[in-house]
Amino acid sequence: MLSYIMYMIFMIPLCWMKKGWWLVQNLLFLISLLYLLNMDFFCWSGLSYMFGYDYLSFGLVMLSFWICVLMILASYSVIRYKFYNKMFLLMILLLLLMLYCTFCSLNMISFYFFFEGSLVPTLFLIFGWGYQPERLQAGIYLLFYTLFASLPLLLGIMFLYKNMNYLVFSLMYMGEYMNFYLYISMILAFLVKMPMYLVHLWLPKAHVEAPVSGSMILAGVLLKLGGYGLLRVYMYLMEIGIMMNLFWLSVSLVGGTLVSLMCLRQVDMKALIAYSSVAHMGLVIGGLMTLNTWGFYMTFVLMIAHGLCSSGLFCLANISYERLGSRSLLINKGLLSLMPSMTLWWFLLSSSNMAAPPSLNLLGEIGLFNSMVGWMWFTMLFLMLISFFSAAYTLYLYSYSQHGTYYSGMFSSVGGYCREYLLLMLHWVPLNFLILKSDFVLVWM
């Protein structure tokens, strides 16, 4: 474990080299490969000091490495205009380091520390490389929502330590608490991070104002911190969870339906993709709250799938934005006649977003539906609505942006670069080929 941390720390000085951008990018590809080859299935492995990973951590760390490389690949305009590109690389490496330490922490306090720490580089990405002046407001929203919910979490962790005298995840199965205040304090921070409907307001704001790299890491990995935290804390909150979870499940399902309806009236492409994230995470929370095996396994699958899919869609929106200077669907029209080969990637990623086979999203959604319907058949009504509307808003995004007469104020537009096609392929290929290894999902519990 420590070797990867040292690898990332020693990459930091490379940011200041003359051609450091490409070096860091390729070294990150290399570390992803090294990490992938180091896959180990027996319980907690790679143990060192406070770190180690089981299969759940392994998948999410792999996702973090992958998304961070793709962020560098997507943010070419930062280096082309020499817009503080060295600082930008530094932020990405710090963020990656924080995420890696979060997912690999064995101790609850160190998990909390890195969980909060990942907020800082994200904030700098939004403040430093965002687009409109409103990014300050978006950053403050992000900060306050997350910090407001995280203080009770810290108190909850301290309470646990006072009671159990240890905070190691692998021993947590010993505890079982029937304490309502503890339950709320442990769960709230993660629900805000997911985000659950009603506390989701920071997410669309942050996405719309963030640069493409900020959006990718937000959708790709930071929302998964919430799911990861919930999967970890439910080990000792099972009993009270069985009593209380109905509430969160209903909020998520009703919220998912309402957010899907809101997606249909968005004109900003990024806002639409951001709201669709909230709807998908609603399904994840719903499935997780049933506390059955299907829910736990498939939460993990959908988190990985949504990370790749959402990130890819944000890349597509950014590619259009770089050409046309606008993210509005009123201007992004008829891209089929401007960039025909890009339309293929729009289609592939949009179809994955509405859970078409053979994407990983399909596996995750089927499993979550199974877990929720098995828990209570009435949820079928909302699941049906969410499924239907997710197809509806994805088709709306796709058909509006690709068809129609294109905006007359735009006389020429350069087609896609090889870099962009590579970027989209690296999102889409794992998303659709990981399903061939879906048996590995059933390993981590």
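Keep in mind that the numbers below use all heavy atoms, side chains included, and drop hydrogens, waters and symmetry copies. We count residues from 1, following the sequence as given.
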How many angstroms lie between atom CE of M194 and atom CE of M303, to the nearest 0.5 angstrom? 7.0 Å
OG on S213 to CD1 on I67, rounded to 0.5 Å: 12.0 Å
Is it the case that K193 places NZ or CZ above or below the six-membered ring of F115, under 6.0 angstrom from the centre and within 45 degrees of the axis? yes
Rounding to 0.5 Å, atoms CE (M196) and CE (M289) come to a distance of 7.5 Å
Would you call Y321 and K270 a side-chain contact if the rule is heavy atoms closer than 4.5 Å? no
side-chain hydrogen bond (donor to acceptor under 3.5 Å, both in side chains) pairs touching residues 91-108, sequence neighbours excluded, are S105-S110
Any donor-acceptor N/O pair, S185 side chain to L182 backbone, under 3.5 Å: yes
Run L288 and W248 through side-chain contact (heavy atoms from CB on, under 4.5 Å) and show every step you take. CA-CA 10 Å; L288 201 157; W248 308 116; over 6 Å; no
In the structure I gave you, are the side-chain heavy atoms of L291 and F296 within less than 4.5 Å of one another anywhere? yes
Working note: L397 + N353, criterion side-chain contact (heavy atoms from CB on, under 4.5 Å); need CA distance, chi angles, decisive distance, verdict. CA-CA 11 Å; L397 172 68; N353 195 41; over 6 Å; no
Could you pull out all donor-acceptor pairs under 3.5 Å where a side-chain atom in residues 218-234 meets a protein atom, sequence neighbours excluded?
from, atom 1, to, atom 2, distance (Å)
K224, NZ, A219, O, 2.7
K224, NZ, H306, ND1, 3.0
Y228, OH, S57, OG, 3.3
Y228, OH, F103, O, 2.9
Y228, OH, R232, NE, 3.1
Y228, OH, R232, NH2, 3.2
R232, NH1, D54, OD2, 3.4
R232, NH2, D54, OD1, 2.8
R232, NH2, D54, OD2, 3.3
R232, NH2, S57, OG, 3.2
Y234, OH, Y183, OH, 3.3
Y234, OH, N245, OD1, 2.9

Tell me whether H427 contacts the main-chain N or O of M425 through its side chain, where contact means a donor paired with an acceptor under 3.5 Å. no
Determine yes or no for a side-chain-to-main-chain donor-acceptor pair under 3.5 angstrom, with S276 supplying the side chain and I273 the backbone. yes
Aromatic plane relationship, Y35 with F65 - under 30° parallel, 30 to 60° tilted, over 60° perpendicular: perpendicular
With respect to L106, which candidate in W44, Y53, F51 satisfies the side chain to side chain contact (heavy atoms under 4.5 Å, CB included) definition? W44
Contacts of type side chain to side chain donor-acceptor pair (under 3.5 Å), residue K333, not counting sequence neighbours: none
Pair L283-F369, side-chain contact (heavy atoms from CB on, under 4.5 Å): steps then yes or no: CA-CA 8 Å; L283 283 179; F369 287 3; 3.7 Å; yes
I want to know whether F300 and Y55 have ring centres closer than 6.0 Å. yes
Rounded to the nearest 0.5 Å, what's the gap from CE on M342 to CZ on R323? Could you check? 6.0 Å
Ignoring hydrogens and angles, tell me if any N or O in the side chain of R135 forms a donor-acceptor pair with the backbone of G130 under 3.5 Å. yes
Are L424 and L348 side-chain neighbours, meaning at least one heavy-atom pair lies under 4.5 Å? no
Would H207 and F314 satisfy side-chain contact (heavy atoms from CB on, under 4.5 Å), going step by step from the backbone distance to the final call? CA-CA 9 Å; H207 271 309; F314 279 117; 3.5 Å; yes
Would you check if E116 and L147 make a side-chain contact, meaning some heavy-atom pair closer than 4.5 Å? yes
Look at the rings of W428 and F433 and say which category their plane angle falls in: under 30° parallel, 30 to 60° tilted, over 60° perpendicular. perpendicular
Please answer whether the main-chain N or O of W375 pairs with a side-chain N or O of T290 as donor and acceptor at a distance below 3.5 Å. no
Rounded distance (nearest 0.5 Å) linking atom CD1 of I126 with atom CD1 of I217: 11.5 Å
Please confirm whether W66 and F29 have ring centers closer than 6.0 angstrom. yes
Taking the side chain as C-beta and beyond, is there a heavy-atom pair between L434 and F440 under 4.5 Å? no
Using the ring-ring contact (aromatic ring centres under 6.0 Å, His included) rule, take Y400 and Y396 through it: C-alpha gap first, then chi angles, then the decisive distance, then the call. CA-CA 6 Å; Y400 249 67; Y396 159 68; 5.0 Å; yes
Kindly state whether the ring of Y393 and the ring of Y275 have centres lying under 6.0 angstrom apart. no
Could you check whether any side-chain N or O of E176 sits under 3.5 Å from a backbone N or O of E239, counting only pairs where one atom can act as donor and the other as acceptor? yes
